[in-house]
Amino acid sequence: MTKKKDIVKLLLQGREVRPCKERGFGKAWANIAVCKYWGKRNEELNIPVTSSLSISLNGHGTETTVTPCSGNDEVSLAGRPIAPASQFGRGVAGFLNMFRPDANTFYRVETTNTIATAAGLASSASGFAALAMAVNDLYDWKLSGRELSIFARLGSGSACRSIFDGFVEWNAGASADGMDSFAEPLSVEWPDLRIGLVRVSTVPKTVSSRTAMKRTRRTSSLYEAWPVKVAHDMMLLKDAIGTGNFELFGQVAESNALAMHATMIGAWPPVLYWLPESVAVMRDIWRARDEGLRVYFTMDAGPNLKLLFLAEDEDAVKKYFPGVDVVTPFVKP
Ligand code: 2P0
């Protein structure tokens with residue numbers, strides 16, 4: 001079976017793993033998918049079953065520095081040390097192991113989230129994208145965007161999309177080694193697009209998305225409909241983005257998120273990320289829409305909702321959803 005290390009060797013094509021500078025720096029934005037990544041055809045390499053499409057959140061993400069050090073890896077988040085045995089600590093160590101030149105090379109990884117609000121956007125996507133960029137900077141590898149996207153994908157699938165700004169398409173690819181499974185930016189902007197974060201719970205999830213997508217793929221009879229739905233939704237979304245058709249964009253994004261959740265509700269044991277409050281917000285959105293407001297939602301592997309709307313409706317959206325945090329994905333905050 002092809003290992004992550006083998007892919008890194010392919011990506012580096014003889015480049016050296018020797019620091020050229022004291023430290024490397026990387027910065028990447030969180031992203032929200034409007035057509036979701038749910039299910040892998042290769043779990044080791046994070047190669048997805050389907051393509052996906054996301055929006056990077058300009059200004060909201062992660063900044064990371066990587067410095068070689070001695071003795072042990074040292075990982076910190078916002079200045080606080082992270083335990084090596086924690087999920088975050090193990091994830092970072094696993095990423096470093098892909099290229100660590102020998103057993104005596106260690107790294108200090110200092111990570112800060114630049115997400116302005118406590119809106120629950122901190123994710124592995126911007127984290128692994130920033131880490132991949134920082135390592136590329138430290139070693140002066142000068143990897144292309146495509147190569148960086150594959151490198152980040154090995155840390156976490158959705159991280160491959162956070163390498164780029166704006167609308168980003170992650171092509172599933174067909175090759176066994178995933179060298180054709182990378183993200184690319186779409187050359188379209190939508191400056192009036194707004195994303196509203198509605199946080200219903202801050203409690204950490206009990207099932208990771210990694211576990212949930214694996215279980216869904218293996219046990220949910222509804223999963224076989226998912227790739228068909230994604231192929232159709234990708235086409236509609238690109239059409240909606242290209243023509244600025246917001247209703248079509250919102251409808252397809254909302255339907256795609258609900259279909260993803262349906263596949264996991266159909267898994268065994270079932271995975272249900274929704275809380276009663278999540279459903280209450282969905283009903284509020286549907287009511288607001290019935291009353292003429294152009295607002296849609298998407299949801300990821302958690303109970304919180306992300307509203308999709310246009311700048312002209314921002315005041316109205318804030319009236320319906322007073323606690324909403326508004327992000328401008330195409331305009332730096
Ligand atoms: C997405 N999610 O497209 C989907 C929608 C969650 C729901 O990508 O196992 O952390 O590291 O490849 O990228 C979350 O999964 O999973 C995710 P791994 P990842 O944004």
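Read the numbers this way: they start at 1 and go in the same order the structure lists the ligands and their atoms.
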Give every pair formed by an N or O atom of ligand 1 and a protein N or O atom closer than 3.5 Å, one pair per line with both atom names and the distance to 0.1 Å, or write none.
residue	atom	partner	partner atom	Å
ligand 1	3 (O)	Tyr37	N	2.9
ligand 1	3 (O)	Arg161	NH1	3.1
ligand 1	3 (O)	Arg161	NH2	3.2
ligand 1	9 (O)	Lys40	NZ	2.6
ligand 1	9 (O)	Arg210	NE	2.7
ligand 1	9 (O)	Arg210	NH2	3.4
ligand 1	10 (O)	Ser124	OG	3.1
ligand 1	10 (O)	Ser156	OG	3.2
ligand 1	11 (O)	Ser156	OG	2.6
ligand 1	11 (O)	Arg210	NH2	2.7
ligand 1	12 (O)	Tyr37	OH	2.6
ligand 1	12 (O)	Lys40	NZ	3.3
ligand 1	12 (O)	Gly157	N	2.7
ligand 1	13 (O)	Ser156	OG	3.2
ligand 1	13 (O)	Ser158	N	2.9
ligand 1	13 (O)	Ser158	OG	2.6
ligand 1	15 (O)	Ser209	OG	3.4
ligand 1	20 (O)	Arg161	NH2	2.8

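- Using cut-offs of 30° and 60° on the angle between ring planes, the pair Trp141 and Phe151 is perpendicular.
- Ala301 is linked by a side-chain contact (heavy atoms from CB on, under 4.5 Å) to Trp38, Lys205, Ser209, Tyr273, counting only residues two or more places apart in sequence or in another chain.
- Taking Ala183 as the reference, Ser149, Cys160, Arg161, Phe164, Val168, Trp170 meet the side-chain contact (heavy atoms from CB on, under 4.5 Å) condition, with sequence neighbours excluded.
- Shown here are the salt bridge (Lys or Arg N to Asp or Glu O under 4.0 Å) partners of Glu169, two or more places apart in sequence or in another chain: Lys238.
- Partner of Asn31 under the side-chain hydrogen bond (donor to acceptor under 3.5 Å, both in side chains) criterion, out of Ser56, Ser52, Ser162: Ser162 alone.
- Between Met264 atom CE and Thr219 atom OG1 the span is 12.0 Å, to the nearest 0.5 Å.
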